[in-house]
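Here the structure is a predicted model, which means the values were calculated and not measured. Side-chain atoms are counted along with the backbone in the values below, which use heavy atoms only and exclude waters and symmetry mates. Each ligand, and each atom within it, is numbered from 1 in the order the structure gives.
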Amino acid sequence: MKIGFIGLGNMGAPMAINLAKAGHEVSGFDPVARPTELTLVETAAIAAAGADVVITMLPNGDILRAVASDIHPLMNANATHLDCSTVDVDSARAVADAAVASCLNAVDAPVSGGVGGAASGTLTFMAGGTKEGFENVSELFDIMGQKAVHCGPSGNGQAAKICNNMILGVTMIATSEAFVLADKLGLSREAMYDVVSTSSGASWSMNTYCPAPNVGPTSPADNNYEPGFAAELMLKDLRLSQVAAEAVDADTPMGQAAAALYTRFVEEEDGLGRDFSAMLPRFETKSRSENT
Ligand code: NAD
């Protein structure tokens with residue numbers, strides 16, 4: 001396929017490189033990043049013109065909307081705009097509507113798996129759009145990832161992503177605060193892990209990504225909380241979940257509390273640039289009386 005790839009940052013560059021390595025003709029554009037392993041062009045318009053599929057991997061919904069309005073008029077009829085950025089559901093749906101109005105297919109397919117998954121081609125894609133649009137780009141998902149789930153119409157990929165990450169943020173906080181309570185009750189972290197990871201408190205946050213160093217499988221906690229998945233990216237996703245919850249009047253008190261706590265951690269404490277599991281050492285420095 002002829003592929004235009006717009007947004008070659010930490011995630012986009014390795015995804016585009018994997019597509020090129022698999023034999024696709026990739027033209028990449030980014031105003032800042034210049035990965036040497038790719039054929040680069042000078043504008044998004046050049047990357048998009050004549051492509052079968054244009055992939056965007058951008059920081060937020062406003063930038064996505066701006067890029068989409070530049071490239072849609074230049075794309076071939078029936079080409080596909082595949083957006084893999086994490087953005088708000090409204091932007092995803094607005095961009096998909098604009099694509100359809102320009103006789104294009106639109107698929108929103110945010111990812112989980114992080115920079116490591118992008119480099120190794122093991123991302124998970126959660127996709128919104130028509131079945132036909134999804135099937136048109138399935139072979140690209142197979143190269144960039146290990147799993148792609150069609151979640152329904154446009155915007156549903158973003159909906160799945162923010163619901164998943166709202167659960168993740170909440171369970172990471174719950175797991176971290178429980179470890180600190182266990183410390184104060186004299187329970188060893190190893191015993192806590194052995195019980196919870198095989199009991200009803202189990203979760204991905206405990207079992208796979210344990211926030212306590214030297215406990216459970218290797219995780220960022222064992223590497224001084226180097227990300228991994230940075231706290232500010234978790235905050236971005238929690239905020240998107242709350243924007244969406246407000247828009248549809250969904251009651252999400254735990255998601256709201258998690259967004260407030262990660263805001264404090266990133267903006268007022270030492271969370272910026274640390275893995276999101278550094279919530280555990282954060283709780284170690286706090287006491288109950290400070291919060292009442
Ligand atoms: P990044 O900041 O490294 O890359 C974004 C790139 O977009 C930058 O290189 C920037 O120059 C480029 N860009 C900005 N404006 C542009 C424009 N108008 N035209 C073309 N390019 C433009 O971010 P990232 O970590 O690669 O993340 C990209 C997306 O993936 C985000 O939506 C993020 O939330 C999501 N995501 C990131 C991770 C992760 O672990 N980094 C995991 C899952 C999802």
Side-chain angles (χ1 to χ4, degrees), residues 3-18 26-38 40-48 51 54-72 74 81-92 95 108-127 141 144-148 157-166 168-169 209 219-220 225-241 243-244 262 266 272-277:
I3 298 171
F5 206 115
I6 300 172
L8 303 170
N10 293 323
M11 296 292 290
M15 291 164 72
I17 289 166
N18 283 337
V26 179
S27 298
F29 169 71
D30 190 296
V32 180
R34 314 291 297 169
T36 51
E37 304 92 323
L38 284 168
L40 301 176
V41 295
E42 288 312 308
T43 64
I46 299 171
V54 176
I55 303 177
T56 45
M57 193 55 171
L58 297 165
N60 61 49
D62 287 343
I63 295 176
L64 171 65
R65 286 175 192 248
V67 168
S69 69
D70 285 348
I71 62 171
H72 285 173
L74 306 168
H81 178 186
L82 169 59
D83 177 49
C84 296
S85 326
T86 302
V87 302
D88 56 287
V89 176
D90 281 354
S91 292
V95 164
D108 59 288
V111 303
S112 80
V115 177
S120 59
T122 56
L123 294 168
T124 296
F125 291 85
M126 29 220 127
F141 291 146
M144 297 186 284
Q146 62 184 357
K147 188 172 171 74
Q158 300 294 345
K161 165 96 187 177
I162 58 177
C163 289
N164 180 72
N165 281 16
M166 188 172 80
L168 177 61
Y209 207 89
S219 70
Y225 298 98
E226 291 287 322
F229 184 45
E232 59 269 27
L233 291 176
M234 172 50 80
L235 175 57
K236 172 188 172 178
D237 293 353
L238 285 168
R239 283 182 169 155
L240 289 175
S241 75
V243 168
Y262 272 102
V266 168
L272 186 66
R274 304 186 81 193
D275 190 74
F276 83 116
S277 61

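The K236 neighbourhood of ligand 1 comprises atoms 31 (C), 32 (O), 33 (C), 34 (O), with distances under 4.0 Å to a heavy atom of that residue. Listed by number with element, the atoms of ligand 1 under 4.0 Å from a non-hydrogen atom of V32 are 11 (O). Per-residue contacts place K161 under 4.0 angstrom from the following atoms of ligand 1 (heavy atoms of the residue considered): 43 (C), 44 (C). Listed by number with element, the atoms of ligand 1 under 4.0 angstrom from any heavy atom of F29 are 19 (N), 20 (C). Against a heavy-atom cut-off of under 4.0 Å, I6 is close to the following atoms of ligand 1: 20 (C).
Atom 30 (O) of ligand 1 has its closest protein heavy atom at M57 CE, 3.1 Å. Closest to atom 31 (C) of ligand 1 among all protein heavy atoms lies L58 O, 3.3 Å. Scanning all protein heavy atoms for the shortest distance to atom 40 (O) of ligand 1 gives G114 CA, 3.6 Å. Among all non-hydrogen protein atoms, the one lying nearest atom 24 (P) of ligand 1 is M11 CG, 3.8 Å.
Within the 4.0 angstrom cut-off, atom 21 (N) of ligand 1 has one or more protein heavy-atom neighbours.
For P31, the closest heavy-atom approach to ligand 1 falls below 4.0 Å.
Of the listed options G9, P59, A230, P59 places a heavy atom closest to atom 7 (O) of ligand 1. The option with the heavy atom closest to atom 39 (C) of ligand 1, from among L233, D237, V67, V87, is L233. Here the shortest heavy-atom distance to atom 44 (C) of ligand 1, taken over D30, T86, D62, belongs to T86.
A 4.5 Å side-chain heavy-atom check between L168 and Y209 finds every atom pair outside the cut-off. Within the 4.5 Å cutoff, the side chain of H81 has no heavy atoms near those of the V67 side chain. Under the 4.5 Å side-chain criterion, counting only non-hydrogen atoms from C-beta, F229 is in contact with D237.
Here the straight-line distance linking atom OG1 of T56 with atom CG of D83 works out to 3.5 Å at 0.5 Å rounding.
Residue contacts with ligand 1, taken as heavy atom pairs separated by less than 4.0 Å, involve I63 solely via side-chain atoms from C-beta onward.
Q158 contributes a side-chain N or O that, together with a main-chain N or O of S85, makes up a donor-acceptor pair within less than 3.5 Å. In terms of modelled atom types and a separation under 3.5 Å, the side chain of K236 and the main chain of P59 share a donor-acceptor contact. Of the possible donor and acceptor atoms, one in the side chain of Y262 sits under 3.5 Å from a partner among the backbone N and O of F276.
Test V87, D88, V89 against L240 for side chain to side chain contact (heavy atoms under 4.5 Å, CB included) and you get one pass: D88.
Close N/O approach between N10 and ligand 1 is found [any backbone or side-chain N/O within under 3.5 Å].
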